[in-house]
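First comes the structure, then the notes that go with it.
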2 protein chains.
Amino acid sequence: MNKTPSPQAIQAWIQLHRTQRQLLSTVETALKSQDLPALDWYDVLLELHKAKGDGLRQFEIGEKILLNKHNLSRLIDRLEKNLLVERHQCSEDGRGNRIKITSEGSCMVKAMWPVYSQAIQQNFAAKLTEEEAQTLSELLAKVLPAAQ
Amino acid sequence: MNKTPSPQAIQAWIQLHRTQRQLLSTVETALKSQDLPALDWYDVLLELHKAKGDGLRQFEIGEKILLNKHNLSRLIDRLEKNLLVERHQCSEDGRGNRIKITSEGSCMVKAMWPVYSQAIQQNFAAKLTEEEAQTLSELLAKVLPAAQ
DNA sequence: TTGTTTTAGTTGCAATTGCAACTAGGTGCA
DNA sequence: TGCACCTAGTTGCAATTGCAACTAAAACAA
């Protein structure tokens, strides 16, 4: 019950955090170099873009992108200020709102993807075979804490 | 040259970021629940603890933990204010300083490790065999951008 | 009904980060 | 030596985050 992690596990733990951090910062740099917004904007916009129709509730976005509500609230403020999304009031629940992507927002998603995907390709995908990528996601999925 | 990442790679990419984020926040919560400082303090203190002797230059710490110099400078301010490290001026280079861990700092490392390691064990290590952990680090190492 | 608890979202404030500009001490070179 | 450039580290300022407290609307229960 009080077991200490094996050296392999510790090594993997460290590697996980280093790698993620470095990759993230590489990709953020790539986006910035093209005067594009950061990844958190993309995450939200993409969810809304995929959702189509009636948009999403704020808490739904929060669940999808794993962001707490107060930070999401302010992230959406910024997106709204930049006319990429709109807050509509929600007919079925008076507390909440329904977030919809604007056409500018959709354009932004489309503008960001080529840069984003190229960065993923060069810095990540190109270094793995498809099988390795598959294995990697499976291993990561095993350690992803269950959403509660 | 303009290849888009494979679905497997995209999946692994997403999983990498989600998993790392969730695990990090789980562990930070565990530390906080014991009134212990956050992981970035641990990272610095551990490097200094391992270094022994004459301590480390700030830039050396920065390279080890992958933190930029201005944020490191302020992180060390906080550690110093909490008497966990000391800045000494550096005889061989008048610009720099040499950071040494204090005995309180060493105690802190030792106080944090049980909580930290238990969190790693429960949330991460316990979910992988040693072989899987090994594979995971190898795959992550393949995609870790080379330090420049 | 009415009161209690939960959920959705916002806000104030303090702490942390990112960026760019800065100081000051090396280094290289003519 | 003198000068241009580089490196180590700090700082000011604006933006972002984290935390706790808050509003207001469900949801539930007596």
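Everything quoted here is computed from the prediction, not taken from an experiment.
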Query raised in the report: Do B:Arg98 and D:dG9 share a donor-acceptor pair, side chain to base, under 3.5 Å?
Result: no

Query raised in the report: Nearest heavy-atom pair of A:Leu66 and B:Arg21: which atoms, and what distance?
Result: O-NH2, 3.0 Å

Query - Gap between atoms CD and P, on B:Gln58 and C:dG25 respectively (whole Å) - result: 16 Å

Requested in this report: Give a yes/no answer on whether the side chain of B:Ser73 brings an N or O atom under 4.0 Å of OP1 or OP2 in D:dG9.
Outcome: no

Query raised in the report: Please give, in whole Å, the distance from C:dA8 P to A:Ile61 CD1?
Result: 13 Å

Query - Of A:Glu60, A:His88, A:Gln89, A:Glu92, the residue whose pairing with A:Arg98 passes side-chain hydrogen bond (donor to acceptor under 3.5 Å, both in side chains) - result: A:Glu92

Requested in this report: Tell me whether the OP1 or OP2 atom of C:dG18 has a side-chain N or O from B:Asn71 closer than 4.0 Å.
Outcome: yes

Requested in this report: Grab the CD1-P distance between A:Ile65 and D:dT17 for me, whole Å please.
Outcome: 10 Å

Requested in this report: Would you give the length of the straight line joining atom NZ of A:Lys64 to atom CG of A:Leu56, rounded to the nearest 0.5 angstrom?
Outcome: 6.0 Å

Query raised in the report: Is it true that A:Glu132 and A:Lys127 make a salt bridge, defined as a side-chain N closer than 4.0 Å to a carboxylate O?
Result: no

Query raised in the report: In Å, rounded to the nearest 0.5 Å, how long is the span from CD1 of B:Ile120 to CD of B:Gln118?
Result: 11.0 Å

Query raised in the report: Contacts to DNA chain D from residues 42-52 of chain A, heavy-atom cutoff under 4.0 Å, which residues?
Result: none

Query raised in the report: To the nearest Å, how far apart are A:Leu67 CG and D:dC19 P?
Result: 13 Å

Requested in this report: For residues 100-122 of chain B, pull every pair meeting salt bridge (charged side-chain N to carboxylate O under 4.0 Å, His left out), keeping only residues two or more places apart or in separate chains.
Outcome: B:Asp54-B:Lys100

Query - First of B:Arg57 and B:His70 reached from the 5' end of DNA chain D, by closest nucleotide - result: B:Arg57

Query raised in the report: When you check the gap from the basic side-chain N to the acidic O, do B:Arg57 and B:Asp93 get nearer than 4.0 Å?
Result: yes

Query raised in the report: Could you give the CZ-to-P distance, from B:Arg74 to D:dA8, as a whole number of Å?
Result: 18 Å

Query raised in the report: Hey, is the side chain of B:Asn68 poking within less than 4.0 Å of OP1 or OP2 on C:dG18, counting only N and O atoms?
Result: yes

Report task. Nearest whole angstrom, please: distance from the C1' of D:dT16 to the NZ of A:Lys32. Result -> 12 Å

Query raised in the report: Looking at DNA chain C, which of residues 75-95 of chain B put a heavy atom within less than 4.0 Å of it?
Result: B:Arg78, B:Asp93, B:Gly94, B:Arg95

Query raised in the report: Per the side-chain hydrogen bond (donor to acceptor under 3.5 Å, both in side chains) rule, which among A:Glu138, A:Glu130, A:Glu131 passes with A:Gln134?
Result: A:Glu138

Query raised in the report: Starting at CH2 of A:Trp41 and ending at P of D:dT16, how long is that distance when rounded to a whole Å?
Result: 8 Å

Query raised in the report: Taking a hydrophobic cluster as the set of Ile, Leu, Val, Met, Phe, Trp and Tyr residues connected by side-chain heavy atoms closer than 4.5 Å, whether directly or through intermediates, do A:Leu140 and A:Ile14 fall within one such cluster?
Result: yes

Report task. Respond yes when some side-chain nitrogen or oxygen of A:Asn97 is under 4.0 Å from OP1 or OP2 of C:dA8, and no when none is. Result -> no

Query - Atom-to-atom span, CG of B:Leu66 to P of C:dT17 - whole angstrom - result: 15 Å

Requested in this report: Rounded to the nearest 0.5 Å, what's the gap from CG on B:Leu48 to CG on B:Asp43? Could you check?
Outcome: 11.0 Å

Requested in this report: Indicate whether OP1 or OP2 belonging to D:dT7 is found under 4.0 Å from a side-chain N or O atom of B:Lys69.
Outcome: no

